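For reference, the structure discussed in these notes is given below.
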Amino acid sequence: ASRVAFYFRELEAARWIGINQNDTYYPASLLKVPAMIAYYKDAEDNGPSILAQTIAYDPNVMPTEPFTAPSSLVAGREYSVQSLINYMITNSDNGSAFTLLSRINPEFLHAVYVALRVQDPGDDSATYQISARTYGLFFRVLYNATYLSSDYSERALKLLSEASFVDGLVAGVPKGMVVAHKYGEHVLASNGSATGVELSDCGIIYYLVHPYLLCVMTSAQNTSTGSSIIAKISRATYSAVSAKYATTSPASL
């Protein structure tokens with residue numbers, strides 16, 4: 001049986017609604033967003049040259065656990081920190097993420113969680129879980145530029161709007177609508193065999209002058225089922241929002 005959590009928030013009005021919004025799920029690649037925020041905070045505090053530093057990709061940074069998606073990076077090739085952030089966010093590339101995490105200043109990463117009052121997964125990423133409502137905080141601080149500067153917050157949101165995953169939130173809104181989001185996929189397994197998938201997709205839908213935050217977390221038999229659930233919820237949410245603001249005149253984003 002599928003499990004679903006839903007959290008919706010109007011970003012300008014601060015009204016929200018949720019269903020099972022405090023239930024917890026494995027975040028998986030959702031944790032790539034706080035990693036990006038930590039690097040941008042480091043660059044903001046200590047100079048943008050940090051983003052130009054290069055790192056040679058070593059495949060050994062990748063975990064040996066089953067079901068971890070392979071990286072598109074080339075072994076031994078040098079990549080700038082900014083390029084690794086790009087791959088990590090737009091393509092959800094695991095090699096990029098583990099390379100960045102292996103070099104990150106842990107104080108900057110920990111500070112992100114402390115500032116948002118979110119439990120830091122630390123070395124407990126295998127069992128760490130988070131709720132839809134709590135995870136939404138990462139997008140709220142980017143939207144409001146309350147942790148990073150406006151420039152770095154906008155840079156982060158632009159990258160998130162270029163994510164290649166289009167089967168969840170994006171599938172539920174009209175083509176061309178800007179959606180700054182991140183998905184995460186965690187394979188549930190027993191005795192080395194997959195038994196299900198927890199798929200989450202969270203982000204900001206830039207609906208005219210009424211942008212909203214939507215975070216949907218699912219536990220289903222497979223990825224396609226989870227994607228379908230998220231897309232249906234995204235579609236229903238968009239319909240409700242557009243019906244509410246049907247008389248609002250369009251505005252540039």
Side-chain angles (χ1 to χ4, degrees), residues 26-65 67-113 115-116 118 120-126 128 130 135 138-139 141-142 145 147-166 168 170 179-186 200-204:
Y26 293 102
S29 289
L30 295 181
L31 295 183
K32 290 168 179 169
V33 173
M36 169 178 62
I37 293 172
Y39 265 99
Y40 281 168
K41 187 64 173 176
D42 196 357
E44 187 180 301
D45 290 355
N46 298 307
S49 61
I50 286 164
L51 302 176
Q53 292 176 0
T54 58
I55 306 172
Y57 175 56
D58 179 359
N60 291 320
V61 299
M62 289 278 284
T64 55
E65 293 119 8
F67 310 117
T68 300
S71 175
S72 62
L73 301 186
V74 178
R77 181 175 292 180
E78 297 266 345
Y79 296 88
S80 71
V81 167
Q82 183 61 67
S83 294
L84 292 170
I85 292 172
N86 294 352
Y87 290 130
M88 175 177 72
I89 297 300
T90 59
N91 299 329
S92 202
D93 186 88
N94 286 323
S96 302
F98 285 108
T99 298
L100 289 167
L101 288 170
S102 71
R103 295 285 292 269
I104 200 166
N105 182 335
E107 292 180 9
F108 278 94
L109 184 56
H110 180 63
V112 177
Y113 289 94
L116 274 62
V118 175
D120 186 344
D123 296 326
D124 193 28
S125 57
Y128 181 80
I130 195 168
Y135 186 75
F138 293 111
F139 279 88
V141 297
L142 288 175
Y147 186 72
L148 295 174
S149 67
S150 295
D151 287 347
Y152 277 109
S153 294
E154 287 174 17
R155 186 190 291 206
L157 287 168
K158 185 174 188 304
L159 261 186
L160 289 159
S161 73
E162 296 167 359
S164 60
F165 183 72
V166 294
V170 174
V179 181
H181 68 117
K182 186 72 193 77
Y183 84 98
E185 181 180 27
H186 175 85
S200 303
D201 199 0
C202 300
I204 297 169

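This structure is a prediction, so every number in the text was calculated from the model and none was measured.
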Point-to-point distance, once rounded to the nearest 0.5 Å, from OH of Tyr128 to NE2 of His186: 14.0 Å

Verdict with supporting geometry, Leu109 and Leu101, side chain to side chain contact (heavy atoms under 4.5 Å, CB included): CA-CA 9 Å; Leu109 184 56; Leu101 288 170; 4.0 Å; yes

Heavy-atom check, side chain of Asp45 versus side chain of Lys41, under 4.5 Å: yes

Distance in Å, Lys32 NZ paired with Ile37 CD1, rounded so as to fall on 0.5 Å steps: 15.0 Å

Minimum heavy-atom distance Gly76-Ala56, with the two atoms named: O-CB, 4.1 Å

Other residues, nucleotides, ligands: >12 heavy atoms within 6.0 Å of Tyr87 OH: no

Approximate separation, where rounding is to 0.5 Å, of Cys202 SG and Leu160 CG: 11.5 Å

Candidate pair Tyr113 and Phe138, rule ring pair (Phe, Tyr, Trp, His ring centres under 6.0 Å), full reasoning: CA-CA 9 Å; Tyr113 289 94; Phe138 293 111; 5.8 Å; yes

Euclidean distance, Leu142 CG relative to Ser150 OG, rounded to 0.5 Å: 11.0 Å

Trace of the side chain to side chain contact (heavy atoms under 4.5 Å, CB included) decision for Tyr40 with Leu51: CA-CA 8 Å; Tyr40 281 168; Leu51 302 176; 4.0 Å; yes

Value rounded to 0.5 Å, distance of CE in Met36 from CG in Asn86: 10.0 Å

Separation between CZ of Arg155 and CD1 of Ile85, rounded to the nearest 0.5 Å: 8.0 Å

Which atom of Pro27 lies closest to which atom of Ile130, heavy atoms considered: CB-CG2, 3.8 Å

Shortest non-hydrogen separation from Gly95 to Val61 and the atoms involved: O-CG2, 4.3 Å

Main-chain N/O of Leu100 paired with Tyr39 side-chain donor or acceptor, under 3.5 Å: yes

Heavy-atom pair with the smallest gap, counting every atom of Lys182 and Phe139: N-CZ, 3.8 Å

Least distance between heavy atoms, Ser200 atom then Leu30 atom: CB-CD1, 3.8 Å

Minimum side-chain heavy-atom gap Leu159-Gln82 below 4.5 Å: yes

Heavy-atom donor-acceptor pair, Ser80 side chain to Ala52 backbone, under 3.5 Å: no

Residue that, paired with Ser72, satisfies side-chain hydrogen bond (donor to acceptor under 3.5 Å, both in side chains) out of Asn94, Asp93, Asn91: Asp93

Electrostatic pair Lys158-Glu162, nearest N-O below 4.0 angstrom: yes

Donor-acceptor pair between Asn60 and Asp58 side chains, under 3.5 angstrom: yes

Heavy-atom pair of closest approach, residues Phe98 and Pro63: CE1-CD, 3.3 Å

Donor-acceptor contact present, side-chain Glu44 to main-chain Ser149, <3.5 Å: yes

Leu73 and Leu84, any side-chain heavy atoms less than 4.5 Å apart: yes

